[in-house]
Amino acid sequence: MPEQKSLLRLLIACPDRPGIVSAVSRFLFDAGANIVRSDQYSTDPEGGDFFLRMEFTLPGPNHDRLDEQFGLAVAEPFHMNWRLWNSRQPKRLAIMVSRYDHCLLELLWRWRRNELGAEVVLVVSNHSDLRDAVEGFGLPYHHIPMTPELKPEAEAELLALIEQRCDLVALARYMQIFSPEFLDRVGVPLINIHHSFLPAFPGREPYERAKERGVKLIGATAHYVTADLDAGPIIEQDAIRVSHRDDVAMLTRLGGDIERTVLARAVTWHCEDRILRHGNTTVVF
């Protein structure tokens, strides 16, 4: 039988200078790798920042020493921030949701069809409404109420649930704001989805206010969560045209369609290691 090979992904961010691609390619060649895809971007070849994503195959199942060798031979001399991921190990995904189910079900449908690039390990909600839907997918459903009085205890319970069990958290219309202390301790990225009316229509009932203002475009934005509310690095956005003929129910439905697809794209791209953060922006290959 032919030797089994692993597909690995290498992501790099570093100050731009000549020789980066050559050094990476030479190292992988010497290690017996075959590069199957390479994408790169520079903010400015003269003193800017350089970003690289490579996919390569490598014989054998054990690549533990590759990290150490690459770090010493290439990453340190070029002052790289980098990570290496074996595609055979899907990202472990936790989903958090409140009562709206459209984003949650989109992620679960794609997961069941092996289109998400992740393994969903659990679903958490501050309400019990969606338990039957989630357990119908064979997944554990954790109900953790979140009120102002119980918030510290609830966040502690969330941290205990997530710790060492997931690599990413998707907020599928989870209608709560996390404390800075929670975000400091969670230890994994969080991706959120919100309607693109922010900041023009913050808070509750955005579609009602959008109808009142006669908007012609509605959309959604997926972004990484930071301590600054709805101001984290943007991953993906999309929009659709609407008209005066569309009532609030139609705006809500159209907006929900965009929300679920935009969130699913962002989660998939993260799980496929296509995203590099750059300050408060992202490079998406």
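Scope of the values below: all heavy atoms of this structure, side chains included, with no hydrogens, waters or symmetry mates.
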Verdict with supporting geometry, Lys91 and Asp273, salt bridge (Lys or Arg N to Asp or Glu O under 4.0 Å): CA-CA 10 Å; Lys91 301 284 196 300; Asp273 299 295; 2.9 Å; yes
Non-hydrogen side-chain atoms of Val24 and Met54 separated by less than 4.5 Å: yes
Any donor-acceptor N/O pair, Glu259 side chain to Cys103 backbone, under 3.5 Å: no
Side chains of Leu8 and Leu84 in contact at under 4.5 Å (non-hydrogen atoms): yes
Where at least one partner belongs to residues 16-41, residue pairs that pass salt bridge (Lys or Arg N to Asp or Glu O under 4.0 Å), sequence neighbours excluded: Arg26-Asp30, Arg37-Asp39
Arg265 side chain vs Glu236 backbone, donor-acceptor pair below 3.5 Å: no
Within-4.5 Å side-chain heavy-atom neighbours: Leu122 and Arg165: yes
Whether Asp167 side chain and Arg92 backbone form a donor-acceptor pair below 3.5 Å: yes
Arg260 side chain vs Gly255 backbone, donor-acceptor pair below 3.5 Å: no
Polar side-chain atom of Ser42 near backbone of Asp44 as donor-acceptor pair, under 3.5 Å: yes
Leu7, CG: over 12 other non-hydrogen atoms inside 6.0 angstrom: yes
Rounded distance (nearest 0.5 Å) linking atom CD1 of Ile144 with atom CG of Asn126: 9.5 Å
Check: Phe182 main-chain N/O paired with Ser179 side-chain donor or acceptor under 3.5 Å: yes
Distance-minimising heavy-atom pair for Leu11 and Ile275: CD2-O, 3.6 Å
Parallel, tilted or perpendicular, as decided by the 30° and 60° cut-offs, for the rings of His278 and Phe51: perpendicular
Spacing of CZ belonging to Arg53 relative to OG belonging to Ser38, to within rounding of 0.5 Å: 10.0 Å
Hydrophobic cluster identity match, Leu168 and Trp85, side-chain contacts under 4.5 Å: no
Backbone N/O of Met250 and side chain of Asp247: donor-acceptor pair under 3.5 Å: yes
Under 3.5 Å: donor-acceptor pair, side chain of Ser98, backbone of Met175: yes
Point-to-point distance, once rounded to the nearest 0.5 Å, from CZ of Arg110 to CG of Leu105: 12.5 Å
Aromatic plane relationship, Phe178 with Tyr174 - under 30° parallel, 30 to 60° tilted, over 60° perpendicular: parallel
Heavy-atom donor-acceptor pair, Thr282 side chain to Arg277 backbone, under 3.5 Å: no
Point-to-point distance, once rounded to the nearest 0.5 Å, from OH of Tyr41 to CZ of Phe285: 9.0 Å
Arg185 atom CZ, over 12 foreign heavy atoms within 6.0 Å: no
Heavy-atom side-chain contact between Trp109 and Phe137 under 4.5 Å: yes
Nearest-0.5 Å distance that lies between atom CD1 in Ile95 and atom CD in Glu106: 11.0 Å
Close side-chain approach of His223 and Asp230, heavy atoms under 4.5 Å: yes
Cluster link Tyr100 to Ile258, ILVMFWY, side chain under 4.5 Å: no
Validation row: Arg173, Leu263 side chains within 4.5 angstrom (heavy atoms): no
Donor-acceptor contact below 3.5 Å, side chain Asp246 vs main chain Lys211: no
Hydrophobic cluster membership, Leu107 vs Trp269, 4.5 Å side-chain cutoff: yes
Sole residue of Ile193, Val169, Leu93 in side-chain contact (heavy atoms from CB on, under 4.5 Å) with Val267: Leu93
Spacing of Leu108 atom CG and Arg113 atom CZ [to the nearest 0.5 Å]: 10.5 Å
Heavy-atom check, side chain of Met146 versus side chain of Leu158, under 4.5 Å: yes
